[in-house]
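All remarks here apply to the structure that follows.
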Amino acid sequence: MESKKLTKSERKMNKKISRSRQLLLKHEKIETTEEVSNMLCVYNGGLIMGNSQEKIQDLFNPHGTIQDITMVPEKPYCFVCFERQVDAEKAQSILNGFSFMNGETEYKLCIFYVSQVPPSIGPTTALPPGLILIPDFIPETLEQELLESIDWSTGVDQGNVSLKHRKVKHYGYEFRYDINNVDPSCPLNEGIPSRCLKLLHQVNDLGIVNFIPDQLTVNQYQPGQGIPSHIDTREAFEDGLMSLSLGSQVVMEFRHPKGDHLSVLIPPRSLLIMTSDSRYVWSHGITPRKSDIIPASDGKFTLSQRGIRTSFTFRKLTENAGIYMNNNQPVQDKKEKKAVFSLPRNDEDAVKLEQQHVHQVYEEIADHFSSTRHSPWPQIVQFINSQPPGSIMADIGCGNGKYLGINENVYSIGSDRSYNLASICRFRNFQSLVSDVMCIPLRPDSFDVCICIAVIHHLSTWERRLGAIQELVRILRPGGQVLIYVWALEQQRHKEKSKYLKQDKNKLDSNENSEVENEYSANNMQINSQDSANNMQINSQDSDTGSSKNIGIHVNRTEFQEQDMFVPWQLKNKSVKNAATFHRFYHVFREGELEDLCEKISDCRIIKSYYDQGNWCIILQKL
Amino acid sequence: MKLLTHNMLTSNIIKGVKNGYPLKIAATKVEEREVDYNPEFITRLLPKLDWSAVHKGAVDLNKAEGVPESMMDDYESNEDFLKTAHNILLQVEIIEGNLECPETGRKFPITNGIPNMLLNEDEVSEK
């Protein structure tokens with residue numbers, strides 16, 4: 001026989017592909033093609049199959065330059081567009097049939113070419129809640145006038161800032177990218193230009209916002225430039241951010257922490273107003289690329305080249321603008337930032353280290369961090385669900401609040417050191433406050449239950465770790481219980497590797513039920529060899545600064561070499577070169593160390609201690 | 001921030017402050033949000049609270065009308081009281097304003113419904 005006989009699994013795969021193809025055509029009106037194109041539809045690669053944009057990116061990235069990835073809310077599939085057809089072909093041939101686990105079930109990716117960009121991949125007409133887009137807000141003459149009015153040649157003191165990826169100029173107050181805040185005590189010489197103020201009064205007349213902004217940032221983007229996904233500093237600016245778009249069109253990406261993604265076409269001369277959810281919950285960004293997919297007159301979509309785009313973003317400072325800067329997050333210049341890299345010898349150094357390498361990092365990565373934390377951990381859920389109705393619970397270091405809504409018969413209060421994380425809780429309708437685990441502003445002897453998950457390992461001295469646990473016990477009523485989780489030095493138990501150690505870079509593991517693993521999937525996806533090289537560099541530079549033992553930088557997916565280290569976190573997205581890498585400090589616990597610490601506390605006893613997926617865990621009861 | 005959360009807060013983390021309770025509320029924006037009424041839940045919660053602080057908070061918010069100064073003995077069977085308690089504890093939300101330490105006057109800002117209870121290093125009490 002001439003034709004190659006197909007193996008059983010090949011036949012099965014072929015059947016699967018043809019079935020998925022029919023489904024797509026029938027339900028989604030997405031026509032697939034045998035002809036090679038640069039666009040791929042990845043069946044089973046969608047959000048409801050437990051995948052994320054990062055995972056898909058990590059999987060497809062090695063095969064060529066990706067133009068865009070679109071995750072469609074509540075769908076089993078997603079789309080990957082390569083810049084070059086030949087790369088799409090390579091990715092298709094290698095990854096078709098790629099198997100991964102979603103929970104207990106094994107799935108395989110089915111990848112086909114699509115001839116036409118399906119409507120779902122172009123910008124939507126749907127907007128995130130609270131987003132208002134007013135097209136043709138100003139005439140072309142005024143557009144020209146505004147563009148010519150910006151003097152890019154003046155110095156930094158005039159509000160000009162040069163960033164790697166775009167040109168920026170500030171009016172009213174400088175937005176400081178180093179602290180993500182403004183300094184209300186340092187207004188710039190130049191306020192908002194009067195031509196703009198006139199426009200702002202016009203906006204006011206629309207009745208959407210009831211204030212006149214006092215801060216303006218002008219951004220200029222060349223084709224191919226963008227801005228990473230972010231939420232404008234919540235405590236620094238009022239609800240109602242206004243952005244006037246001049247020059248080229250652009251597609252702005254809005255992302256919800258739960259994974260929803262909307263691409264919104266921003267036409268020239270339009271005014272975009274972000275209020276409520278679109279301002280506080282959804283992050284927004286611009287993918288750096290040279291063209292956008294935009295609707296064409298015939299109802300289909302077409303590719304449009306980007307030109308130079310200039311945006312005028314108007315914001316109003318809140319009463320609390322700059323509060324972290326003055327109050328708790330001292331401004332540090334870059335030199336100083338590198339000074340604290342050895343293990344702290346006293347409390348003062350410890351506070352400094354944690355401020356830079358725990359608190360500031362979480363503040364900066366809050367949104368990205370939150371988007372990687374969806375699934376609550378089963379044994380923690382079980383603990384919370386075992387509490388009697390009417391219990392009052394404190395979640396100290398609550399992060400994005402994934403444990404605050406577990407048991408609706410328990411009154412839960414979350415506390416986090418990061419204002420941005422506390423905000424995310426608040427927008428999920430949970431009670432949250434900003435406080436420090438070292439001094440918890442809650443009444444002593446009053447809580448029935450307390451949880452403290454993945455917090456104590458961020459404290460850099462033994463005394464502070466002990467002090468924190470004492471605080472947790474202090475707020476409990478006698479008989480009340482606290483559950484503590486810390487990261488374990490031992491990532492292998494009984495010859496069984498923890499899930500994150502087992503995680504193979506080439507495998508799409510969608511199981512998300514471990515804190516550690518989540519953290520790692522987020523990290524792993526982001527870090528490539530270039531970044532590791534950067535890390536090493538930081539490391540060697542830092543070693544010049546202190547005489548005592550330097551804190552090393554952990555290499556992902558390997559066993560911990562020591563108990564105190566920095567764990568890198570890289571902000572997405574990969575397409576932005578030199579994306580910021582943050583280093584969080586961790587002290588991982590040895591077996592027995594958590595128990596030893598708790599035994600030093602006189603008014604509690606250990607109810608249970610156990611190992612759970614790379615963490616040491618303990619339940620204490622107050623006496 | 002709900003008054004039930006306020007009931008659990010203290011400023012005794014400040015150096016030299018003994019009780020720091022209850023925190024005085026100066027609100028500039030207060031909202032009411034509907035929460036499902038669950039009499040069993042509220043009945044179980046009430047004995048854990050300091051009712052006089054609930055009352056004081058209600059006074060600070062100008063919402064003390066119908067809120068008794070102290071809890072009655074038969075609160076479990078007093079439907080009107082349970083509903084009042086449900087409203088003042090769970091439905092009233094302080095969105096903007098300040099909390100004030102009753103002993104030192106130190107203010108803690110509430111922004112977007114979130115109290116910021118962080119202290120400066122020099123304010124922290126030695127443990």
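Letters A, B, ... are given to chains in the order of the sequence lines, protein chains preceding strands, and every chain is numbered from 1. These figures come from a predicted structure and were not determined experimentally.
Counting heavy atoms from C-beta outward, B:N12 and A:P444 have side chains that approach closer than 4.5 Å. Between A:Y419 and B:T111 the shortest side-chain heavy-atom distance falls below 4.5 Å. Looking only at side-chain heavy atoms (C-beta outward), B:M8 and A:I392 come within less than 4.5 Å of each other. Within the 4.5 Å cutoff, the side chain of A:D436 has heavy atoms near those of the B:L118 side chain. A 4.5 Å side-chain heavy-atom check between B:L9 and A:L442 finds at least one atom pair inside the cut-off.
For chain B, the nearby part of A:I413 is the side chain; its heavy atoms alone come within less than 4.5 Å. For B:S11, no part sits under 4.5 Å from any heavy atom of chain A, backbone or side chain. No part of A:D239 comes within reach of chain B, as not one of its non-hydrogen atoms sits under 4.5 angstrom from that chain. Neither the backbone nor the side chain of A:Q470 comes within contact range of chain B; no heavy atoms are under 4.5 Å apart. The parts of A:S423 that come within reach of chain B are both its backbone and its side chain, each placing non-hydrogen atoms under 4.5 angstrom from that chain.
When all heavy atoms are compared, the tightest approach of B:K2 to A:Q431 is N-OE1, 2.9 Å. The minimum heavy-atom distance linking A:L433 with B:T5 is given by the pair CD2-CG2, 4.4 Å. Contact between A:G390 and B:L45 at its shortest, heavy atoms only, is O-CD2, 3.4 Å. Between A:P389 and B:R44, the shortest heavy-atom distance links the atoms O-CD, 3.2 Å. For A:N409 against B:F41, the heavy-atom pair with the smallest separation is O-CE1, 3.2 Å. Residues B:P115 and A:S432 come closest through the heavy atom pair CD-O, 3.5 Å.
In this structure A:F447 satisfies the ring-ring contact (aromatic ring centres under 6.0 Å, His included) test with no other residue, sequence neighbours excluded. With sequence neighbours left out, A:D347 forms a side chain to side chain contact (heavy atoms under 4.5 Å, CB included) with A:V351, A:R464.
Judged by distance alone, the side chain of A:R426 and the main-chain N or O of B:N112 form a donor-acceptor pair under 3.5 Å.
Note that SG of A:C439 is 10.0 Å distant from CD1 of B:I14, once rounded to the nearest 0.5 Å.
Side-chain atoms of B:R33 and A:N429 include a donor-acceptor pair closer than 3.5 Å. Checked by atom type, the side-chain pair B:N7/A:R443 shows a donor-acceptor distance below 3.5 Å.
Residues of residues 80-104 of chain B lying under 4.5 angstrom from chain A, judged on non-hydrogen atoms, are B:L90, B:E93, B:I95 in numerical order. Of all residues spanning residues 47-67 of chain B, those with a heavy atom less than 4.5 Å away from chain A's heavy atoms are B:K48, B:L49, B:D50, arranged by number.
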